[in-house]
Amino acid sequence: MFLSVFDIFKVGIGPSSSHTMGPMVAAGRFLGQLRASPFHAHGLRASLHGSLAFTGVGHATDRAVILGLAGFRPESYDAAAAERALESIRQTGRIEAEGLGTLAFAPETDLVFDYGPPLPGHANGLILMALDAQGDVLLQETYYSIGGGFVVTEEELGAPPVTTAARPVPYPFATAAQMLEMARYSGKSIASMKRANEGVHHPAEALDTGINRIWQVMSDSIDRGLETGGILPGGLQVRRRAPALHTALQDERGLNLGAPHTVNDWISTYAMAVNEENAAGGQVVTAPTNGAAGVLPAVIRYWLGHVPSASSARLPDFLLTAAAIGGLIKTNASISGAEAGCQAEVGSASAMAAAGLAAVMGGTPEQIENAAEIALEHHLGMTCDPVRGLVQVPCIERNGLGAIKAVSAASLALRGDGHHLVPLDACIETMRQTGADMSDRYKETSLGGLAVNVPNC
């Protein structure tokens, strides 16, 4: 299947692509389905299941569903308007849905957190219902938020994934082995093959405009995170650290006393800036998820700001290469923390960033594949255990370390010739198997790991 760069990188809001963006998108889809139905609904109801229930409050899933039913979308989210809408719905018990009129919805009773067994299709499940005046169900749909803002219905889950229109592309690789074979046969780079595939679905100008917007939103999220202090919401009293770290690093610039490894602090600070913005509900780009949104932007900012040979003209190559790797991981394993732990989120992001950096620093397709494999391999087994269900601890620092690993992986790969023992495809399959074997306690439920061993109140 073809996954576009715009499937992997989506502009949205924090704190979670699977727990915030996905449920909001699902609610919007349900409204569309209701508008197309012959029924005249009187009210709405929703139930959250699995990880969406256990960590829903910390991930703002309840807010996302309500706002989605009120017509809000991640890509055009207006924070001030959202707060006004939420307050009105809480006060009146009614939602004004475009094309559907006024619908009864009392958040305290019509939004249910079901802490029983998860729905059978995926750890992130929600059921949306439209009711008649007597409270009987007129229309019901089950949705699964499968990571990275992707949403499927129960029926779609069992069918071939649908993203960008299924038109033939010139380089249809579904595995890293196929990707490398096509690169050898064609003489093209991974980025060039990805661009040719994108060209089937997007005019060249639209593709470049979209890629530029992706980086602009990423860059803006770094800048806001470096400038904004205070305490993150949610009750853990986690203080934003990126501004103070950035100030200290700037003050040390030009001094002869700085250790070479200080560059790691710059990389971590860039990543933490993004994830502090994400934790505060700000605008970020899924890369490939919100929980891992800081890794790839941090590596790009490091490359542009600290590597003498860097040129912003190569940014599309970085993002297209990263998207190619992200597509392989999503297709053959998972990018969802609720499905496979944090190895699927920060691990995938680190692999994507390593591949992108290796590409813009002159790596061959074999070296790029090696970089991605090194980065992913050394995240295998990483659990997703957010304290109090918030995308803060350990998620923010974890992005910083994921970015550092990406840079190290790219550097190691570039010092070799691309030959290595473990293929990227084997590493991706290992990640899939590890996720399947992993206890649900360590898959974004906050029922194990740091989530139960760190005081969170």
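Taking a 6.0 Å sphere around CD of E429, one finds it holds more than 12 heavy atoms contributed by other residues, nucleotides or ligands.
The pair D223-R301 counts as a salt bridge, with a side-chain nitrogen and a carboxylate oxygen less than 4.0 angstrom apart. Here E198 does not pair with R195 in a salt bridge; the nearest charged N to carboxylate O distance is not below 4.0 Å. Between E141 and R29 there is no salt bridge, since no side-chain N of the basic residue sits under 4.0 Å from a carboxylate O of the acidic one.
Using a 4.5 Å cut-off on side-chain heavy atoms (C-beta onward), H379 and M431 make no contact. In this structure, the side chains of L304 and I300 come closer than 4.5 Å at one or more pairs of heavy atoms. A heavy-atom distance below 4.5 Å is found between the side chains of T321 and I368. Contact check for M218 versus L296: side-chain heavy atoms found under the 4.5 Å cut-off. Looking at heavy atoms from C-beta onward, Y77 lies out of side-chain contact with Q283 at the 4.5 angstrom threshold. Residues T262 and L249 are in side-chain contact: their nearest non-hydrogen atoms beyond the backbone lie under 4.5 Å apart. Contact annotation: the side chain of Y442 never approaches that of M382 to less than 4.5 Å [non-hydrogen atoms, C-beta and beyond]. Between L315 and I211, the closest side-chain pair of non-hydrogen atoms is not below 4.5 Å.
Expressed to the nearest 0.5 Å, how far NE2 of H59 lies from CZ of F54 amounts to 13.5 Å. Rounding to the nearest 0.5 Å places CD1 of I329 at 11.5 Å from CG of L3. Taken to the nearest 0.5 Å, the CG atom of L157 stands 10.5 Å off from the OG1 atom of T142. Taking CE of M272 as the start and CD1 of I222 as the end, the distance is 13.5 Å to the nearest 0.5 Å. Here the straight-line distance linking atom OG1 of T61 with atom CE of M21 works out to 13.0 Å at 0.5 Å rounding. Separating the CD1 atom in I404 from the CG atom in N264 is a distance of 4.0 Å, to the nearest 0.5 Å.
Aromatic ring centroids of H49 and Y115 lie 6.0 Å or more apart.
Within the 3.5 Å criterion, the main-chain N or O of S446 finds no donor-acceptor partner in the side chain of D385. Side chain of K405 to backbone of H378: a donor-acceptor contact under 3.5 angstrom is found. One N or O on the side chain of Q343 and one on the backbone of G381 form a donor-acceptor pair closer than 3.5 Å. No donor-acceptor pair closer than 3.5 Å links the side chain of N278 to the backbone N or O of V274. In this structure, the side chain of T331 does not engage the main chain of L328 through any donor-acceptor pair within 3.5 Å. A donor-acceptor contact shorter than 3.5 Å is absent between the side chain of S192 and the backbone of K188. At distances below 3.5 Å, at least one donor-acceptor pair connects side-chain atoms of E444 with backbone N or O atoms of A338. For N332 (side chain) and A174 (main-chain N/O), a donor-acceptor pair under 3.5 Å exists by modelled atom type. Using a distance-only test at 3.5 Å, with no hydrogens or angles considered, a donor-acceptor pair links the side chain of S145 to the main chain of S18. D114 contributes no side-chain N or O that, together with a main-chain N or O of L48, makes up a donor-acceptor pair within less than 3.5 Å.
A pairwise comparison of heavy atoms in N197 and P170 identifies OD1-CD, 3.3 Å as the closest pair. The minimum heavy-atom distance linking L414 with M361 is given by the pair CD1-CB, 3.8 Å. In terms of heavy atoms, A413 sits closest to Q367 at CB-O, 3.4 Å. Pairing each heavy atom of A27 with each of G68, the nearest pair is CB-C, 3.5 Å. A pairwise comparison of heavy atoms in C395 and P386 identifies SG-CB, 4.2 Å as the closest pair. S311 and W303 make their closest contact through O-CH2, 3.1 Å (heavy atoms, listed as atom of the first residue, atom of the second, distance).
Cation-pi geometry between K330 and F150 is satisfied (NZ or CZ under 6.0 Å from the ring centre, within 45° of the ring normal).
In the model, E345 has a side-chain atom that pairs as donor or acceptor with a side-chain atom of T289 under 3.5 Å. Donor-acceptor pairing under 3.5 Å is recorded for the side chains of E339 and S334. S51 and H19 form a side-chain donor-acceptor contact under 3.5 Å, judged by distance and modelled atom types alone. Judged by distance alone, the side chains of D220 and Q216 do bring a donor and an acceptor atom under 3.5 Å apart. Side chains of E227 and H246: no donor on one and acceptor on the other come within 3.5 Å. A donor-acceptor contact closer than 3.5 angstrom links the side chains of E369 and H420.
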Verify side chain to side chain contact (heavy atoms under 4.5 Å, CB included) between S336 and K443, making sure each step is shown before the conclusion.
CA-CA 9 Å; S336 167; K443 294 194 281 192; over 6 Å; no

Working note: V299 + V407, criterion side chain to side chain contact (heavy atoms under 4.5 Å, CB included); need CA distance, chi angles, decisive distance, verdict.
CA-CA 7 Å; V299 174; V407 173; 4.1 Å; yes

What's the verdict on side chain to side chain contact (heavy atoms under 4.5 Å, CB included) for I325 and L424, showing C-alpha distance, side-chain angles and the deciding distance?
CA-CA 9 Å; I325 299 302; L424 176 58; 4.0 Å; yes

Given V284 and V217, is the side chain to side chain contact (heavy atoms under 4.5 Å, CB included) satisfied, shown in steps?
CA-CA 7 Å; V284 297; V217 175; 6.0 Å; no

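When each of I13, V391, V25 is checked for a side chain to side chain contact (heavy atoms under 4.5 Å, CB included) with T20, only I13 meets the rule.
Between F30 and Y143, the angle of the ring planes goes over 60°, which puts this pair in the perpendicular group of the 30/60° scheme. The aromatic rings of W266 and Y270 sit tilted, their planes meeting at an angle between 30° and 60°. By the 30° and 60° cut-offs, the orientation of the rings of H202 relative to F6 is perpendicular.
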